[in-house]
Chemist: 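Below is a structure I'd like to ask you about.
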Amino acid sequence: MTVFMGSWQKADAFYRIATIIACASIVVTAVYILRATGKAIMGPVVNNEHLSLGDAGWNERLAAGLLILGIVVIGIAPFLLKDLINPGTNIIIEKIAAVIK
Amino acid sequence: MNIPIEVQKLFFPFAFIGFGIFTALFPFHTWVPDGHSSAPTAASMFLAGISMKLGGYGCLRVATYLMPDAAHEYSTIIIVLACIAILYGAFATMMQTDLKYINAYSSVSHCGFVLLGIGMLTKTAIDGAVMQMVSHGLMTALFFAVIGMIYDRTHTRQVAQLGRLNEDDAIYFNSVCNCGFVFTWVYQALVVLLLR
């Protein structure tokens with residue numbers, strides 16, 4: 001979303017059209033991910049052996065849990081990430097700004 | 001140190017395409033689906049979560065930082081290629097039947113957002129590109145982990161052969177998948193709110 005906002009800041013029609021095209025893919029993303037998840041996990045039973053599968057073990061839960069934790073922390077407090085990113089991107093932006101002006 | 005503009009124009013495409021191949025720059029993205037699907041789960045997670053981000057980092061930190069004049073000059077081409085990757089990756093994902101291919105093609109689309117942000121050359125867009133690298137790295141690694149868990153149990157990654165899993169598993173896997181997506185959206189929405 002931040003990419004879209006940054007793209008929209010450029011006033012030329014070309015950049016605006018590119019942003020709109022990129023935004024349109026969000027709809028496609030929602031469709032394919034919901035369809036895949038629905039069919040693979042919540043669809044009709046196609047193999048009875050799948051009904052007797054075991055639960056995820058502690059190591060699997062730990063691995064997934066750590067990744068979820070990362071996503072949740074960044075989701076709730078994106079400024080933690082932004083504060084880390086800013087010093088690095090500022091240097092690049094200064095150089096680009098000198099060129100564009 | 002400033003590199004002469006003529007030299008920048010000559011070498012920028014080499015540097016950007018070189019790193020861009022690593023981050024699924026269209027039309028050099030074809031290694032991504034096959035590479036992801038043939039690798040074991042841990043390698044897929046590493047490849048999508050970390051290695052592909054190295055390409056985005058190189059495009060930004062090496063190509064754009066060292067050769068800003070050429071980056072400005074070629075930004076239109078970068079944006080066009082990024083938009084093609086975003087749309088093509090998303091539509092190609094819809095046609096896939098293998099879970100790993102689904103995630104791989106969606107990575108092509110999502111890495112297109114990173115390249116779009118870099119091509120726009122604005123502060124917010126480049127910040128967004130870097131944030132997208134981190135969030136996509138976590139999200140896609142989680143998705144590959146879940147696919148690996150499903151494959152370990154069912155020995156298939158074909159969507160049509162999976163159907164409903166054991167009820168407990170269904171709840172667990174679904175909650176994992178949904179967390180990945182729901183919180184990503186929450187994250188993005190919060191970014192917008194904070195910026196406003």
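Each chain gets a letter, A, B and so on, in the order the sequences are listed, and its residues count up from 1. Everything quoted here is computed from the prediction, not taken from an experiment.
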Chemist: If I compare all heavy atoms of B:Met149 with all of A:Glu60, which pair ends up nearest, and what's the gap?
Modeler: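 Looks like CE-O, 3.4 Å.
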
Chemist: Considering non-hydrogen atoms only, spot the tightest contact between B:Phe113 and A:Ala22 and give its length.
Modeler: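 Heavy-atom minimum between the residues: CE2-O, 3.7 Å.
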
Chemist: Are B:Phe11 and B:Ile78 connected, step by step, through hydrophobic side chains (Ile, Leu, Val, Met, Phe, Trp, Tyr) whose heavy atoms are closer than 4.5 Å?
Modeler: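 Yes, B:Phe11 and B:Ile78 fall within the same hydrophobic cluster.
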
Chemist: What part of B:Ala141 is in contact with chain A, defined as an atom under 4.5 angstrom from a non-hydrogen atom: side chain, backbone, both or neither?
Modeler: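 Interface part for B:Ala141: both.
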
Chemist: Please report the closest heavy-atom contact between B:Leu87 and A:Ser25, naming both atoms and the distance.
Modeler: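 Closest heavy-atom pair between B:Leu87 and A:Ser25: CD2-CB, 4.1 Å.
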
Chemist: Side-chain contact test, heavy atoms from C-beta onward, threshold under 4.5 Å: evaluate it for B:Ile86 versus A:Ile21 and give yes or no.
Modeler: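 Counting from C-beta outward, B:Ile86 and A:Ile21 never come under 4.5 Å.
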
Chemist: Could you go through the side chain to side chain contact (heavy atoms under 4.5 Å, CB included) check for A:Thr19 and B:Met120 one step at a time?
Modeler: CA-CA 10 Å; A:Thr19 311; B:Met120 287 292 175; 4.1 Å; yes

Chemist: Linking I/L/V/M/F/W/Y whenever any side-chain heavy atoms sit under 4.5 Å apart, do B:Tyr57 and B:Met52 land together?
Modeler: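 No, separate clusters.
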
Chemist: Test of understanding: clusters of I, L, V, M, F, W, Y form through side-chain heavy atoms closer than 4.5 Å, transitively. Do B:Phe19 and B:Ile50 belong to the same one?
Modeler: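 Not linked; separate clusters.
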
Chemist: Does a sphere of radius 6.0 Å around NZ in B:Lys123 hold more than 12 heavy atoms from other residues, nucleotides or ligands, not counting ones at 6.0 Å or beyond?
Modeler: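 Atom NZ in B:Lys123 is crowded, with more than 12 foreign heavy atoms closer than 6.0 Å.
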
Chemist: Below 4.5 Å, heavy atoms only, C-beta onward: do B:Arg61 and A:Ile92 meet side chain to side chain?
Modeler: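 Answer yes - side chains close enough.
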
Chemist: Would one find more than 12 heavy atoms of other residues, nucleotides or ligands at under 6.0 Å from atom CZ of B:Phe28?
Modeler: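 Yes, CZ of B:Phe28 has more than 12 neighbouring heavy atoms, counting only those of other groups under 6.0 Å.
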
Chemist: Which distance, rounded to the nearest 0.5 Å, do you find between the CD1 of A:Ile85 and the CE of B:Met131?
Modeler: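 If I round to the nearest 0.5 Å, the distance is 5.0 Å.
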
Chemist: Find the distance between CD1 (A:Ile74) and CE (B:Met139) and round it off to the nearest 0.5 Å.
Modeler: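 So the CD1 of A:Ile74 and the CE of B:Met139 are separated by 11.5 Å.
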
Chemist: Drop me the distance from B:Leu121's CG to A:Ile93's CD1, to the nearest 0.5 angstrom.
Modeler: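 So the CG of B:Leu121 and the CD1 of A:Ile93 are separated by 7.5 Å.
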
Chemist: Which bit of B:Thr97 is near chain A, if near means a heavy-atom gap under 4.5 Å: side chain, backbone, both or neither?
Modeler: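 Interface part for B:Thr97: neither.
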
Chemist: Could you tell me if the side chain of B:His110 sits less than 4.5 Å from the side chain of A:Thr29, heavy atoms only?
Modeler: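 Yes, their side chains come closer than 4.5 Å.
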
Chemist: Side chain, backbone, both or neither: which part of B:Ile118 has an atom under 4.5 Å from a heavy atom of chain A?
Modeler: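 Neither part.
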
Chemist: Does B:Tyr88 belong to the same Ile/Leu/Val/Met/Phe/Trp/Tyr cluster as B:Trp31, with side-chain heavy atoms less than 4.5 Å apart forming each link?
Modeler: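 Same cluster: B:Tyr88 reaches B:Trp31 through Ile, Leu, Val, Met, Phe, Trp or Tyr contacts under 4.5 Å.
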
Chemist: Under 4.5 Å heavy-atom distance to chain B, tell me which part of A:Phe14 shows up: side chain, backbone, both or neither.
Modeler: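 Contact with chain B is through the side chain of A:Phe14 alone.
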
Chemist: Quick one: are A:Ile96 and B:Ile126 in side-chain contact, heavy atoms under 4.5 Å?
Modeler: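 Yes; the side chains approach each other to less than 4.5 Å.
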
Chemist: Measuring heavy-atom distances to chain B, does A:Leu84 have an atom under 4.5 Å in its side chain, in its backbone, in both, or in neither?
Modeler: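 Neither part.
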
Chemist: Out of B:Leu116, B:Ile79, B:Asp127, return the one with the most heavy atom pairs under 4.5 angstrom to chain A.
Modeler: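 Ranked by heavy-atom pairs under 4.5 Å with chain A, first place is B:Asp127.
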
Chemist: Considering only heavy atoms, which portion of A:Ala18 lies under 4.5 Å from any heavy atom of chain B: side chain, backbone, both, or neither?
Modeler: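 A:Ala18 touches chain B through backbone and side-chain heavy atoms alike.
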
Chemist: Sort out for me which of B:Asp152, B:Ile102, B:Thr122 touches chain A most, counting heavy-atom pairs under 4.5 Å.
Modeler: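 Among the listed options, the one with the most contacts to chain A is B:Thr122.
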
Chemist: What are the two closest non-hydrogen atoms of A:Tyr32 and B:Ala90, and how far apart are they?
Modeler: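 It is CD2-O, 3.6 Å.
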
Chemist: With rounding to the nearest 0.5 angstrom, report the NZ to CG distance, A:Lys95 to B:Leu66.
Modeler: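 Going from NZ on A:Lys95 over to CG on B:Leu66, the span is 6.0 Å.
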
Chemist: Please check if the number of heavy atoms outside B:Ile5 that lie under 6.0 Å from its CD1 is greater than 12.
Modeler: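 At most 12 heavy atoms, drawn from other residues, nucleotides or ligands, come within 6.0 Å of this atom.
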
Chemist: What option among A:Leu67, A:Asn90, A:Leu66 has the most heavy-atom pairs under 4.5 Å with chain B?
Modeler: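 Going by pairs under 4.5 Å, I would pick A:Leu67.
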
Chemist: Transitively linked via ILVMFWY side-chain contacts under 4.5 Å: B:Tyr65 with A:Val99?
Modeler: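 They do not share one cluster, since no chain of ILVMFWY contacts under 4.5 Å joins B:Tyr65 to A:Val99.
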
